[in-house]
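Each remark here refers to the structure printed beneath this line.
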Protein chains: 4
Amino acid sequence: MALAYMVYPGAVHTRLHHSLGAYHLMCCAIDSLRLKGVEISVDEEVAVRAAILLHDVGHGPFSHALEAELLPGIHHEKLSLYIMQKLNLEFNGALQMAIDIFTNKYPKKFLSQLVSSQLDVDRMDYLMRDSFFTGVSEGVFGWDRILKMMTVHDNELVMEEKGIHSIETFLIARRQMYWQVYLHKTVMASEKTLKNIIKRVKYLHAMGIENLKTTSVVDYFLFQFDDMLNDEVLERFCDFDDVEISYAIKLWSKHDDAVLSRLCKMILDRNLLKVKLSSQPFSQKLVDEQKQLAKLKLNLNDDEVEYFVFTGTVKNTMYKANEEPIKILYKNATISSIINVDDALIHINNANTVTKNYLCSLN
Amino acid sequence: MALAYMVYPGAVHTRLHHSLGAYHLMCCAIDSLRLKGVEISVDEEVAVRAAILLHDVGHGPFSHALEAELLPGIHHEKLSLYIMQKLNLEFNGALQMAIDIFTNKYPKKFLSQLVSSQLDVDRMDYLMRDSFFTGVSEGVFGWDRILKMMTVHDNELVMEEKGIHSIETFLIARRQMYWQVYLHKTVMASEKTLKNIIKRVKYLHAMGIENLKTTSVVDYFLFQFDDMLNDEVLERFCDFDDVEISYAIKLWSKHDDAVLSRLCKMILDRNLLKVKLSSQPFSQKLVDEQKQLAKLKLNLNDDEVEYFVFTGTVKNTMYKANEEPIKILYKNATISSIINVDDALIHINNANTVTKNYLCSLN
Amino acid sequence: MALAYMVYPGAVHTRLHHSLGAYHLMCCAIDSLRLKGVEISVDEEVAVRAAILLHDVGHGPFSHALEAELLPGIHHEKLSLYIMQKLNLEFNGALQMAIDIFTNKYPKKFLSQLVSSQLDVDRMDYLMRDSFFTGVSEGVFGWDRILKMMTVHDNELVMEEKGIHSIETFLIARRQMYWQVYLHKTVMASEKTLKNIIKRVKYLHAMGIENLKTTSVVDYFLFQFDDMLNDEVLERFCDFDDVEISYAIKLWSKHDDAVLSRLCKMILDRNLLKVKLSSQPFSQKLVDEQKQLAKLKLNLNDDEVEYFVFTGTVKNTMYKANEEPIKILYKNATISSIINVDDALIHINNANTVTKNYLCSLN
Amino acid sequence: MALAYMVYPGAVHTRLHHSLGAYHLMCCAIDSLRLKGVEISVDEEVAVRAAILLHDVGHGPFSHALEAELLPGIHHEKLSLYIMQKLNLEFNGALQMAIDIFTNKYPKKFLSQLVSSQLDVDRMDYLMRDSFFTGVSEGVFGWDRILKMMTVHDNELVMEEKGIHSIETFLIARRQMYWQVYLHKTVMASEKTLKNIIKRVKYLHAMGIENLKTTSVVDYFLFQFDDMLNDEVLERFCDFDDVEISYAIKLWSKHDDAVLSRLCKMILDRNLLKVKLSSQPFSQKLVDEQKQLAKLKLNLNDDEVEYFVFTGTVKNTMYKANEEPIKILYKNATISSIINVDDALIHINNANTVTKNYLCSLN
């Protein structure tokens with residue numbers, strides 16, 4: 001969860017935990033579907049288990065927070081796939097079916113949907129797990145009941161009618177977790193600052209500033225990597241985790257560049273930027289005032305102040321009505337999207353993306 | 001929870017548990033408000049604790065399920081008040097402030113709101129407790145966070161802005177618990193049948209049928225009670241609990257009247273009526289068909305079939321927009337109802353009462 | 001748990017819960033053993049599941065507390081077996097294998113041991129469940145790990161070496177639950193009084209006293225039953241549960257006999273006898289003093305006082321060293337009893353039966 | 001928990017969690033004692049809270065596992081005290097009472113006992129927390145009940161008689177956690193290897209080997225620190241955490257020295273030494289055989305093999321009978337040590353230290 005522990009100290013669980021958890025939910029899902037007569041061969045079971053176990057293997061240090069800074073242009077799913085393909089070569093093709101499922105090319109579409117869809121075991125696990133470790137009870141939902149209410153219709157994953165309320169609560173839990181945790185103001189401030197550290201280091205390096213090297217793999221990804229994925233890059237990347245970044249931040253906190261050292265100390269001392277949220281964009285006047293204050297207080301120029309005062313937007317979408325729907329299977333064999341059921345709680349009116357504006361500043 | 005254990009076997013918790021639980025939440029609420037500088041004297045604390053401890057003392061056997069049958073015209077809150085007043089006499093007025101709070105006459109209105117409002121500790125406790133004992137995780141919400149986010153403004157209970165999502169989840173949890181538990185089809189079938197047993201016994205007694213007496217207080221409330229509340233009635237009522245009704249059902253299951261004994265056996269053998277739900281009313285034709293089938297199968301006349309085939313409506317209201325609102329206190333000191341916040345999840349469109357039609361029948 | 005709720009209000013869980021829970025543990029145990037290569041056929045699985053589901057079906061009202069009073073000379077296991085045999089006839093022998101397992105006649109002895117031994121799923125479930133519902137955390141142990149550490153050696157259930165500490169904690173949890181819950185002083189006082197009510201009613205009936213009849217099956221078992229088990233007795237017994245006894249106690253609380261009505265009111269008003277425990281027997285002098293006090297206070301004669309002042313012993317055995325042992329299977333294939341492992345926590349010195357003397361009296 | 005996550009992946013909780021948890025238990029303990037009439041002033045409350053919050057502040061990277069390697073001769077409690085004293089200067093003596101409590105010089109001895117004794121909130125928190133995060137249910141005990149059963153007698157912390165079983169379970173839980181977690185074979189193998197890495201680096205440095213520097217504070221503590229504690233050392237130490245060690249291990253895993261790089265890779269790849277435990281010492285013959293095997297397999301000389309094959313002992317003491325006892329206060333006002341109660345479960349015979357021998361080797 002990157003820097004969410006700055007707000008929720010319990011949130012120190014790891015990607016390994018999540019991968020094992022999603023794997024466990026997949027095992028439960030397979031058992032449940034088989035009990036309902038859905039045919040899943042042993043090979044398919046092994047493949048879909050492997051697919052979920054490896055689905056996040058391409059994540060790098062601090063996960064989503066640094067993905068775009070460390071590996072610009074390379075989405076973690078692309079890396080997960082690259083790693084699976086390498087493993088597939090090593091294992092003489094034993095992972096081919098897992099790869100087909102992961103890339104949604106396998107005929108039994110529901111297997112791919114279990115790995116990735118609006119109702120996959122991936123998000124079931126991370127929501128439940130993040131809710132548990134943060135203590136945010138708004139994120140609780142009935143993952144066990146959802147797994148029991150799943151079935152397959154025309155090779156697609158559908159929910160039995162009895163599971164409607166469980167799905168509603170799942171989608172609302174996801175919305176609440178975004179507002180309360182993933183987009184929490186202080187979490188956001190931390191993660192924006194983390195990104196700004198990387199940006200500043202890259203900028204300083206481009207300007208020929210010395211003493212930025214860390215002797216670790218960080219140097220390669222910040223100063224050498226040319227955005228091309230190949231085996232050598234992959235090897236370095238697999239050796240790259242939070243330790244190197246954390247160590248680099250401690251080093252840079254003593255760097256001569258006042259902006260860089262300050263950004264690093266903000267993280268190390270948990271002395272973070274303040275964030276305001278608003279449904280309306282912030283006025284240019286307000287932003288300029290904040291910039292002026294920061295420039296005076298920290299003795300910054302026009303470029304430098306951008307690291308400390310900036311605006312942007314965050315989005316929270318409860319349900320993507322225009323993507324592959326979560327389908328309800330009624331007892332009379334008709335099918336409906338979850339947002340079209342009678343008296344739907346998740347409705348086209350409230351499922352749409354909510355956008356909020358943020359303003360980060362010194363106070 | 002009356003007969004909810006017919007569906008959720010774990011739901012055998014008692015009203016004593018609920019009363020102690022609500023009392024505990026009240027203690028937490030008082031602590032939390034005091035920490036925020038709200039003045040609550042020791043006398044007020046004792047009074048509001050007493051009020052919540054006694055708020056449900058007027059409930060009779062099988063609670064809501066039989067309230068209207070056993071004590072027609074007398075709401076359980078009226079009885080709770082009657083009992084409190086009797087105790088107040090016994091205790092030389094020591095309960096007067098508790099009674100004032102319970103009857104919403106005490107100047108510090110927030111104390112009454114803690115006992116009874118759309119955000120009182122009563123429903124916080126029963127939702128949480130019923131969710132726990134049924135295992136229905138759609139009923140989970142953050143009661144502890146809600147208690148911490150409460151404060152007082154103009155003598156009224158309000159929620160801090162940071163608690164908006166906790167309130168949303170609380171209201172949605174309540175809606176889900178109604179659909180999944182309190183209005184669950186099989187729970188409803190059980191409770192309607194329980195009511196029909198009492199109706200049948202009263203009817204048979206009015207027709208002069210013998211062998212209905214149970215030697216217990218049941219006889220008084222079914223055959224003698226004239227709807228007037230007095231001390232003698234109260235004494236009998238306080239001696240009346242599930243045991244007498246349960247015993248009576250076992251007795252009546254062997255009665256000569258085929259309708260009565262069948263209704264009793266349906267409960268005892270958990271061989272219940274089937275329920276269909278629909279957002280549209282059921283056609284008279286369908287209802288008549290079901291009645292015809294039941295008449296043939298059970299050899300019933302036109303009056304008798306009404307005990308086994310009948311329709312009606314159930315209602316589920318997430319938030320009563322036209323009653324005293326749940327108020328949000330913003331940092332800028334403005335106040336808003338929970339349904340009027342930005343991007344409200346609980347909206348006038350989905351908070352309104354949802355009405356569903358049910359049809360109970362033999363199959 | 002009979003009257004344990006007098007001390008632990010949460011302890012209102014039922015025998016149905018326990019039976020389903022033990023059934024669930026049995027399913028887990030079967031899965032775990034099969035994963036280790038132990039052969040269990042589908043027929044055997046069904047049989048051992050049926051055996052555990054029915055193992056307690058012979059329990060009557062208030063369980064152990066009244067077993068000896070209502071059905072003198074007939075142990076509940078004998079009744080469970082009788083009921084299984086009746087069902088077996090009905091089901092054309094489908095329960096024969098379950099009966100063989102239940103009566104320890106089936107060749108695969110470990111199946112019988114799962115149902116009944118010093119490490120059976122029965123006690124695992126009740127300890128865990130009673131600990132949960134009372135909140136007594138001294139009763140927590142790792143049932144899931146025990147099930148995973150079980151295996152079979154020479155057709156007998158054994159524990160892998162890695163499970164030694166889990167077994168130790170299980171045995172100690174059982175000891176602690178006896179002291180803290182099952183033999184809790186106030187629980188004991190309640191259950192002794194319950195027994196004394198039945199004794200008093202039988203005595204009064206034998207003396208020709210009137211107005212003891214309840215119109216329920218209680219009358220049969222107290223005044224007619226001749227200790228012979230037959231189909232008619234069984235039918236009546238299966239219709240007999242806590243409701244009739246609870247109802248009878250309310251009736252008898254108004255009986256003319258002062259002893260009987262007082263005993264009943266002690267239960268109804270939770271105004272119980274006081275209990276002292278001691279490792280030494282109480283002196284006759286102390287007992288006599290208490291009797292004298294009670295006679296004066298309640299105006300009792302020498303016979304009557306025995307219902308209110310009496311002594312006896314209770315026993316708590318952590319591990320029965322002279323019965324079939326819990327066997328540990330070491331990696332080197334040797335077998336040892338749990339009390340003979342290196343540095344055993346459960347040792348012959350502390351596993352032996354501890355006997356305590358109790359004195360029940362009015363104060 | 002240093003490297004316990006190698007066996008229990010959930011065990012990633014931090015010292016911050018523990019410090020906050022122990023602080024919370026202290027608050028509960030203070031409330032409970034005050035309710036019993038024990039006088040604790042507001043100043044004393046603040047002081048004892050500060051003392052427990054800071055009691056572990058002197059822990060360094062990987063805690064107990066590296067304490068003796070990184071700061072030879074300086075116990076973490078000495079460092080905690082040193083840091084408290086520095087803070088005390090900064091805060092103008094505001095921490096003096098906390099320091100007096102921490103160093104057992106404050107007259108109300110029970111305050112010091114809450115911080116450090118055989119029944120302090122420190123071990124209550126870590127046992128409970130480690131049990132929770134490892135999932136080892138043998139470590140569960142009733143911390144809440146223990147806190148409620150505590151009282152003070154002659155200025156010392158004592159337990160009410162009713163809490164005897166809770167104390168027993170607490171002591172046994174501690175014993176079980178040592179065997180199952182802290183002294184788990186694989187945990188021990190990991191931590192011994194971590195120590196050997198530091199030893200090897202120090203040795204190589206002493207031999208004049210290059211390329212060991214990490215550019216971090218690690219260099220100071222391994223190559224410069226002269227075992228004298230002063231303000232400069234303290235400042236460096238406070239900047240030193242798991243990150244630098246983790247980073248150094250990654251660096252050293254590529255070092256030319258085959259022993260060092262192999263030890264580091266054993267940790268990084270979780271390819272650990274095997275451990276055997278025995279109540280008897282291992283024969284020299286067996287140890288020599290293992291050394292010979294390792295020398296051949298890894299091409300090691302006599303000195304080098306000592307990093308991979310070695311023996312030693314571990315100790316587990318349930319209760320220190322010769323230290324300050326856990327005292328039970330009986331209703332008759334007598335006092336007894338927990339090991340002297342009637343039918344004691346924790347007995348002088350089983351409370352004594354159990355010593356086991358271990359042999360670490362390649363297989």
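Chain letters run A, B, ... following the sequence lines, proteins first, then strands; residues in each count from 1. Predicted, not measured: the structure shown is a model, and the values here were computed from it.
Using a 4.5 Å heavy-atom cutoff, the side chains of A/V136 and B/H165 are not in contact.
Interface residue A/D343: backbone and side-chain heavy atoms are both found under 4.5 Å from chain B. Contact annotation for B/I172: only side-chain heavy atoms (C-beta onward) come within less than 4.5 Å of a heavy atom of chain A.
With values rounded to the nearest 0.5 angstrom, B/L345 atom CG is found 6.5 Å from A/L345 atom CG.
Of the listed residues B/M318, B/H347, B/E168, the one with more heavy-atom pairs under 4.5 angstrom with chain A than any other is B/E168. Comparing A/N349, A/N350, A/I346, A/V354 by how many heavy-atom pairs each has under 4.5 Å with chain B, the most go to A/V354.
Shown here is B/K36, whose NZ atom has more than 12 heavy atoms of other residues, nucleotides or ligands within 6.0 Å. Other residues, nucleotides and ligands contribute only 12 or fewer heavy atoms inside 6.0 Å of the NE2 atom of A/H24.
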Table please: side-chain donor-acceptor pairs of residues 139-148 of chain B below 3.5 Å, with sequence neighbours left out.
unit_1: B/R145; atom_1: NH1; unit_2: B/K162; atom_2: O; d: 3.1
unit_1: B/R145; atom_1: NH1; unit_2: B/S166; atom_2: OG; d: 3.3

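Among the residues in residues 174-187 of chain A, those with a non-hydrogen atom closer than 4.5 angstrom to a non-hydrogen atom of chain B are A/R175, A/Q176, A/W179, A/Q180, A/K185.
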